[in-house]
Amino acid sequence: MSSDVVERFLAALDPAHREAVGGLPRAEQERLAAEWERELERDTDLDTLDELSPPAAEHEAARRVVERPAE
C-alpha cells in the first residue's frame, strides 16, 4: 500500500472522480486528500463500515469529499 496520501485518496475514488481529481493541480489534490483523511477520522459511521470493509469506507469518504460543495 502506498504511503502517499494523494495516491491512496485517488485509489479510493471511482474512475470518473479519479480522472477529474487527477487533472487538478497537485496542491488541490493534497487539500482534498487531507480532507479525505479528516473525514475518515471524524465520521463514526465510517468506523463501522471500516470494520466490515476498509476499502468501502475509504471510497465513501472520498466520494463525500469530492461531491461536497466547495467552501
Side-chain angles (χ1 to χ4, degrees):
M1 177 187 288
S2 173
S3 62
D4 179 15
V5 69
V6 172
E7 287 181 27
R8 290 181 28 243
F9 171 62
L10 290 172
L13 291 167
D14 62 74
H17 285 120
R18 186 176 310 121
E19 185 176 331
V21 172
L24 296 173
R26 179 68 182 194
E28 181 64 9
Q29 292 177 0
E30 289 172 353
R31 184 189 70 75
L32 289 169
E35 276 188 48
W36 172 67
E37 285 193 314
R38 285 190 296 275
E39 184 76 17
L40 284 168
E41 289 173 3
R42 74 174 169 238
D43 191 307
T44 56
D45 290 338
L46 290 175
D47 288 342
T48 303
L49 182 57
D50 187 51
E51 290 178 15
L52 299 172
S53 174
E58 290 182 350
H59 172 74
E60 176 60 19
R63 183 194 63 76
R64 291 178 187 181
V65 167
V66 297
E67 292 181 357
R68 187 176 294 146
E71 297 174 356

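- The nearest pair of heavy atoms linking L40 to A61 is CD2-CB, 3.6 Å.
- Side-chain contact check for V66 versus F9: some heavy-atom pair is nearer than 4.5 Å.
- Annotation: side chain of R68 is in contact with side chain of V65 (closest heavy-atom distance under 4.5 Å).
- Scanning for side chain to side chain donor-acceptor pair (under 3.5 Å) contacts around R38 gives an empty result, with sequence neighbours left out.
- Going from atom NE2 of H59 over to atom CZ of R63 covers 7.0 Å, rounded to the nearest 0.5 Å.
- Put simply, the side chain of R64 reaches to within 4.5 Å of the side chain of D43, judged on heavy atoms.
- Residues meeting the side chain to side chain donor-acceptor pair (under 3.5 Å) test with Q29, sequence neighbours left out: none.
- Annotation: side-chain contact (heavy atoms from CB on, under 4.5 Å) contacts of E41 (sequence neighbours excluded): none.
- Residue pairs meeting the salt bridge (Lys or Arg N to Asp or Glu O under 4.0 Å) criterion with at least one partner in residues 12-24, sequence neighbours excluded, do not occur; the list is empty.
- Contacts of A12 classified as side-chain contact (heavy atoms from CB on, under 4.5 Å), with partners at least two apart in sequence or in another chain: W36, E58, A62.
- Taking E37 as the reference, nothing meets the side chain to side chain donor-acceptor pair (under 3.5 Å) condition, with sequence neighbours excluded.
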